[in-house]
Amino acid sequence: MQFLDRLVFIFLVLGSWLSHGNTIEVCPSCPVSSVKQGVSLASPYDTLLIKKGTYKEFDIRVDKPLTLLGEGYPVIDGEDQGEIITIVSDDVTVDGLFIINVGTSYTRDYAAIRVIKSKNFKIQHVVLEKLFFGIYLEKATDGIVYHNKIIGDAVEEFNSGNGIQLWYCKNIKVEQNNVQRVRDGIYLEFSDEVEIKNNISINNVRYGLHFMFSNNDSYEKNTFENNGAGVAVMFSKHIKMKDNIFRKNWGTASFGLLLKEINDADIINNVFEENTVGISIEGSNRIKYHRNDFANNGWALKVRGACYGNSFEGNNFMYNSFDVSYNSKLNDNEFKGNFWSSYTGYDLDRNGIGDVPYRPVKLFSYIVNRTPETIVLLRSLFMDIIDFSEKVSPVFTPDNLMDSSPLMKKVQ
Amino acid sequence: MIKILKYSFYDLMRSRWSYVYFIFYLLLGFVLLFLNNDVSKAVITLMNVIIVLVPLIGTIFGVMYYYNSREFTELLLAQPIKRSSIFLGQYLGVAFSLTLSLVLGLGIPFVLYGLFGSNVIWDFSLLLVTGAFLTLIFTALAFNIAISNENKIKGFGYAVLLWLFLAVIYDGLFLMSLIILEDYPLDTFSLVASMLNPIDLSRTLILLKLDISALLGYTGAVFKKFFGTDFGLFVSIAILLLWTILPIFRLAYKANRKDF
Amino acid sequence: MIQVNDLHKKFGKNQVLQGLDLSIDNGGIFAVLGPNGSGKTTLIKSILGMVIPNKGDISVQGNRVKTKWKYRKEINYLPQIANFPGNLKVKELISMIMDLRQKPVDAEKLIAQFNLEPHLNKKLATLSGGTKQKVNIVLAFMFDSPLYILDEPTTGLDPNALIQLKQLLDQEKKNGKMILITSHILQFVEEVADEVIYLLEGKIYFKGSIADLRKKTGKDNFEHAIAAIASQSND
């Protein structure tokens, strides 16, 4: 009895494996010589094994649960005709393809791979080049975008698309992708519970990562380097930003991180290095800035508009041209226990905390805020002198804007 | 004139101060490069030094040399030499020896460090060129002040005042007018104001060449657009030349009319 | 050789020379005398072109001082204060002046005459006042020029050097040179001068030989004669 049971079970398992496991080979010289043909021949849960070669195809519509598996990176060349792969079914996996020449249009957002209203998809080990939009997730949920390489050739914002775009998505993981030279490396709009981890987003025309109206997302351990601007987080709530590196986002209007109308976020343990502005903050409240490193930025923090209830604690501010710029005399944010490389106070009781408070807002940065043209006096002797005198006896900068317990040594 | 230049130059090359100046720059160059290990950072620090110190040293050295060589000048005046040649020769002697100290003092460490292989060579050359211009300009201004003031103390006072004005007070006035006029478009005004003062002009020229120019924002972009063109560069060099030549002309003019 | 017409010079409010006329054609030693502030040095410096007159004309050997600076080739000048660029060595200074003037030179003999050989390799800043003055004299006498202008040549000289100086003067006079001297040492003036030019209130008050001066004042003693001429003017 037991044996029979077991046998039945084995058959069942085997059967389901078979039904999932039919493999259709696609190669230029095979009976099935195009991906499209393969998709139409396949039954649900089949695997299309796409062999090395070049397939000149576009508008491949995947409307059943399939695995598109490339072997030796087969090239799918869209010849600039339009969208290449469109996934409209749940349970689709795309793996190991090299997709090039996505069509550019000013009216339609052609993507290399688009996922529409689907669940449980997986897009991995894909290489995209010469693209308009890369991976476009539209109202998709519960998917993974893992270890893809997206290399665009964008020069201008208006005729380029985003590397990975999420629109009305939920519960998606974006991990270990490498996105370069597109408009926005990763773009989220109305997308919640998205986890963005270990990605590298560099040399993009606009933002490395861009949030709009998206809540409860997190991004960790990513590197954003040399983008038009690093990361923009706008009109979103409960975003966690941890262990990221924002580097060399350098340019007249550039910044490492832009916060606009953001509430209740955590910014912890990130590195901001050599950005024109480390973090530009506008109308953002109740945000924790803890244990971040700000090094060699033009401005480490540029605070504009009403920002309340933020706390800055245990950060390292090192060799920034300006540590903090502030445009009002009012301050409701708390600075404490940070390390400031330009702190010149002393620590007589040797408890590691400076005995005189540090005022991070220089008079010059206050003046520049008021009259931006005065920045042309940057690094003139006169400015050094008045900065010094303001430091000795503050007149213009907010009275209570200071770190009353500045650290003597860098936070490790 | 070449002879006077030669003798003034030799005279200065023997004096302790030229060496002090030279060694100062040499040390500065080495310290900046080998402690910092970053050529472009070193260029920024050097810029701060150059726009403050070079004018000051040019001024003080010029005044000092003029007053100290008064008797020598009188000896020369009785010789069959054109008056303007005597003063221009002395001026050029001082200016060249200072420039040489600057260029060699900073150049040697940078060359040893491997400047030619690095892409900051243009920034560095610009630094040296503006440094040289500032030396020429401020030494000329110093000679002008000295030739117009028999009284040493007064001469020194005016010279330091002049330096203070151009290095500090001018920027203060500039800043105040920017703040007072903040309701008006100020790009052209600030462009003109920073071109009129040789120290500000040098600072702006160097800043725009460095990464740090990104901090200058919109105004910086306007500046960059202007100074980036051939025309802008031509105008800046013309202004620096004018700052050099006008005092020299006045020096020659004064020299021909002065009693000794 | 020297022609001065209606020379006026004012320093600020101080009118130093007012309408001075002077004409010297022959060789010989001329002492320019006068009380302090009478304009001796100003006159000399005007002739040298170091002071620019407000009004009037000066020509040296037919060259107008104002325009043609090359006439200074024909003048050897010994300035009052012997201060030289301190970093130079004596030898270098001498060769520098030689280089600047591009004229035949007889420096060796003069150097020997004033015992300057041991000092040749010293820097000028280290020399004593007297030695500097000797160097000064060498510089003034080493060129062969028709006109010498010596401002207080005796300052700081030791007796031996003074004798050498007198010899030099004598010798140049014999060569037919014209020599203008200012000095406060009347004994020296009396010894060497052929003629006295006495300046007072910016004009030439007296010009003539020492004998004429004695005759005019009725004093035998030169010093007294000078004093007398000064007091006469006060009358």
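Labels below follow one simple rule: chain letters A, B, ... track the order of the sequence lines, proteins then strands, and each chain is numbered from 1.
Atom CZ of Arg291(A) sits in a sparse spot, with 12 or fewer heavy atoms from other residues, nucleotides or ligands closer than 6.0 Å. The local environment of OH in Tyr158(B) is sparse, with at most 12 non-hydrogen atoms from other residues, nucleotides or ligands closer than 6.0 Å. Within a 6.0 Å radius of NZ in Lys209(B), other residues, nucleotides and ligands contribute 12 heavy atoms or fewer.
When heavy atoms are compared at a cutoff of 4.5 Å, Asn296(A) approaches chain B solely by way of its side chain, counted from C-beta outward. Looking at Ser194(B), neither its backbone nor its side chain comes within 4.5 Å of chain A, counting heavy atoms on both sides. Heavy atoms of Phe223(B) lying under 4.5 Å from chain A belong exclusively to its side chain. Contact annotation for Asn48(B): only side-chain heavy atoms (C-beta onward) come within less than 4.5 Å of a heavy atom of chain A. Only the side chain of Ile51(B) comes within contact range of chain A, with heavy atoms under 4.5 Å apart. Both the backbone and the side chain of Leu378(A) come within contact range of chain B, with heavy atoms under 4.5 Å apart. Thr374(A) touches chain B through backbone and side chain together, each having a heavy atom under 4.5 Å away.
Between Val376(A) and Leu191(B) the shortest side-chain heavy-atom distance does not fall below 4.5 Å. Side-chain atoms of Ile179(B) and Arg370(A), non-hydrogen and from C-beta on, do get closer than 4.5 Å to each other.
Closest approach of Arg379(A) and Leu207(B) over heavy atoms only: CD-CD2, 4.3 Å. Residues Phe174(B) and Leu377(A) come closest through the heavy atom pair CD2-CD2, 3.5 Å. Across all non-hydrogen atoms, the minimal contact from Ala167(B) to Leu381(A) is O-CB, 4.0 Å.
Between chain B and the options Ile375(A), Val368(A), Val277(A), the largest number of non-hydrogen pairs under 4.5 Å is found for Ile375(A). With chain B as the partner, the residue from Gly251(A), Ala253(A), Pro372(A), Ser254(A) showing the most heavy-atom pairs under 4.5 Å is Gly251(A).
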Audit row: Leu178(B), Ile367(A), side chain to side chain contact (heavy atoms under 4.5 Å, CB included) steps and yes/no: CA-CA 10 Å; Leu178(B) 282 177; Ile367(A) 292 171; over 6 Å; no
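Separating the CG atom in Leu173(B) from the CZ atom in Phe382(A) is a distance of 8.0 Å, to the nearest 0.5 Å.
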